Visitor: 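The structure that follows is given in the form of C-alpha cells.
On a predicted model such as this, the values are computed, not experimentally measured, just so you know. Throughout, a chain's letter reflects where its sequence line sits, starting with A, and its residues are numbered from 1.
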Protein chains: 2
Amino acid sequence: MSLPHPDPDQIFLPNVLAALGDETRLAIIGCLARTEAAEGLVCGQFAPLTSKTNLTYHVGKLREAGVINVRIEGTKRRVSLRREDLDNRFPGVLDSIIATAINLPSVETVLLDLETQNAAT
Amino acid sequence: MSLPHPDPDQIFLPNVLAALGDETRLAIIGCLARTEAAEGLVCGQFAPLTSKTNLTYHVGKLREAGVINVRIEGTKRRVSLRREDLDNRFPGVLDSIIATAINLPSVETVLLDLETQNAAT
DNA sequence: AGCTTAGTTCAATAAGTCTTGAACATCCGC
DNA sequence: GCGGATGTTCAAGACTTATTGAACTAAGCT
C-alpha cells in the first residue's frame with residue numbers, strides 16, 4: 001500500500017513547471033519549504049487553502065509530477081518536498097521558486113493556523 | 001502599434017511557470033537562450049516546432065506571462081527573453097530553467113535549421 | 001462495537017488549453 | 001500596384017484542468 005511516485009529520471013521539467021504553475025500548489029510547496037525542520041506536513045494542515053477534495057487533487061498533481069513525496073501514515077498522508085531529486089535533475093529550479101513561494105499570503109495563513117494548533121496542544 | 005506586455009511588477013510566478021510548463025514554449029525559450037548574441041529571433045524561425053497559427057498562440061502566451069518581449073519589425077515579430085525583468089523579480093528562476101531548456105531535442109532541430117539558412121545566405 | 005478523524009473516489013460541471021484550417025491583414029521588394 | 005513573405009484572427013473541435021458535494025474507506029479512540 002503506497003502511492004505511485006515517478007523515478008528521479010522520470011521527472012520532467014515541463015511537468016514540474018506545470019505542476020508549480022498554480023497558486024494553490026505553489027502555496028503548498030511554500031508551506032513545505034517553511035516547515036522542513038520536522039519531516040513534512042500532513043494534508044490536513046493545508047486546509048486553509050481549499051476544500052479537502054480539492055487538496056487531494058492538487059497533492060496528487062504535485063506527486064505525479066515528482067515534486068513531492070507522499071507517505072501513508074495511518075489515515076494521514078505525510079507530504080514532503082523531493083528536494084534532492086529535483087536539485088539533482090534541475091539544479092536551482094526548486095530553490096529559486098521556493099524563494100518566492102514562501103512569501104505568498106496564503107502561506108502565512110496556513111502557518112498561523114499551525115501555530116494556533118501547536119499552542120492548543 | 002505595439003503589443004501589450006505586462007509591467008515588471010505585473011509579472012507573477014504562477015503565470016510564468018504555467019507559461020513555461022509546456023514543451024513547445026520551453027523549446028522557444030531554449031532557442032532564444034542559445035542565440036542571444038544577436039537581438040532575439042523572429043517567429044518564423046521557430047517553424048520546425050509547430051504550425052504558424054500555433055506559434056502565434058504560444059508566443060502570445062509567453063508574452064502575456066511576461067517571459068518574452070515581442071517587437072514588431074515590419075511584417076515580422078522579433079522575440080527576445082525578458083531576462084532582466086525576470087531576474088529582478090524571481091532571481092535564478094529563468095536561468096535554472098534555461099539550463100535544461102537549451103538541451104531539448106526540438107531546440108537542436110530549430111538551431112540546425114538556422115545554420116542551414118545562414119549557409120544559404 | 002461505535003464514533004471520529006483523515007483522506008479518497010466518483011460523477012458532474014464550468015472553464016481553460018491546445019491545435020487546426022480558412023480567410024485575412026500588412027509590409028516589402030520589384 | 002502586384003506578389004510573396006510573415007504573421008493574425010476567427011471558429012471549431014478535442015482535450016485537460018479545477019472545483020464541488022455526496023458517498024465511501026480505513027485507521028484510531030474510548
Visitor: Name every residue in residues 63-71 of chain A that has at least one heavy atom under 4.0 Å from any atom of DNA chain C, in order of residue number, or write none if there are no such residues.
Guide: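 Listed by number, there are none.
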
Visitor: Considering only residues two or more places apart or on different chains, which pairs with a residue in residues 108-119 of chain B satisfy salt bridge (charged side-chain N to carboxylate O under 4.0 Å, His left out)?
Guide: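 Applying salt bridge (charged side-chain N to carboxylate O under 4.0 Å, His left out) to every pair that reaches into residues 108-119 of chain B, excluding sequence neighbours, yields Arg34(B)-Glu108(B).
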
Visitor: For residues 22-32 of chain A, tabulate all N or O donor-acceptor pairs below 3.5 Å that involve a side-chain atom, not counting sequence neighbours.
Guide:
unit_1, atom_1, unit_2, atom_2, d
Asp22(A), OD1, Thr24(A), N, 2.9
Asp22(A), OD1, Arg25(A), N, 3.1
Arg25(A), NE, Ala19(A), O, 2.6
Arg25(A), NH1, His58(A), ND1, 3.1
Arg25(A), NH2, Ala18(A), O, 3.4

Visitor: Taking distance alone, no hydrogens or angles, what donor-acceptor pairs closer than 3.5 Å link side-chain atoms of residues 2-13 of chain B to residues at least two apart or in another chain?
Guide:
unit_1, atom_1, unit_2, atom_2, d
His5(B), ND1, Leu3(B), O, 2.9
His5(B), NE2, Val70(B), N, 2.9

Visitor: Could you summarise the pairing of DNA chain D as dot-bracket text, marking Watson-Crick and G-U pairs under 3.5 Å with ( ) or [ ] inside the strand and | across strands?
Guide: |||||||||||||||||||||||||||.||

Visitor: List, with names and distances, any nitrogen or oxygen atoms from the protein found under 3.5 Å away from nitrogen or oxygen atoms belonging to nucleotides 15-17 of chain C.
Guide:
unit_1, atom_1, unit_2, atom_2, d
dT17(C), OP1, Lys61(B), NZ, 3.1
dT17(C), OP2, Lys61(B), NZ, 3.4

Visitor: Taking only residues two or more places apart in sequence or in another chain, which ones pass side-chain hydrogen bond (donor to acceptor under 3.5 Å, both in side chains) with Asp85(B)?
Guide: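 Listed in chain order: Arg82(B).
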
Visitor: Under the rule for side-chain contact (heavy atoms from CB on, under 4.5 Å), what residues qualify as partners of Thr75(A), not counting sequence neighbours?
Guide: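 For Thr75(A) there are no side-chain contact (heavy atoms from CB on, under 4.5 Å) partners, ignoring immediate neighbours.
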
Visitor: Can you pull the salt bridge (charged side-chain N to carboxylate O under 4.0 Å, His left out) pairs that have at least one residue in residues 63-75 of chain B, sequence neighbours excluded?
Guide: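 Passing the test, one end in residues 63-75 of chain B: Arg71(B)-Glu73(B), Glu73(B)-Arg78(B).
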
Visitor: Listing time: all N or O pairs from protein to nucleotides 4-6 of chain D that are below 3.5 Å?
Guide:
unit_1, atom_1, unit_2, atom_2, d
dT6(D), O4', Thr75(B), OG1, 3.1

Visitor: With sequence neighbours left out, which residue pairs that include part of residues 86-106 of chain B fulfil the salt bridge (charged side-chain N to carboxylate O under 4.0 Å, His left out) condition?
Guide: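 Pairs touching residues 86-106 of chain B that pass the test: Arg83(B)-Asp95(B).
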
Visitor: Taking side-chain contact (heavy atoms from CB on, under 4.5 Å) as the test, write out the residues that go with Thr109(A), two or more places apart.
Guide: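 With sequence neighbours excluded, Thr109(A) shows a side-chain contact (heavy atoms from CB on, under 4.5 Å) to Pro48(A), given in chain and number order.
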
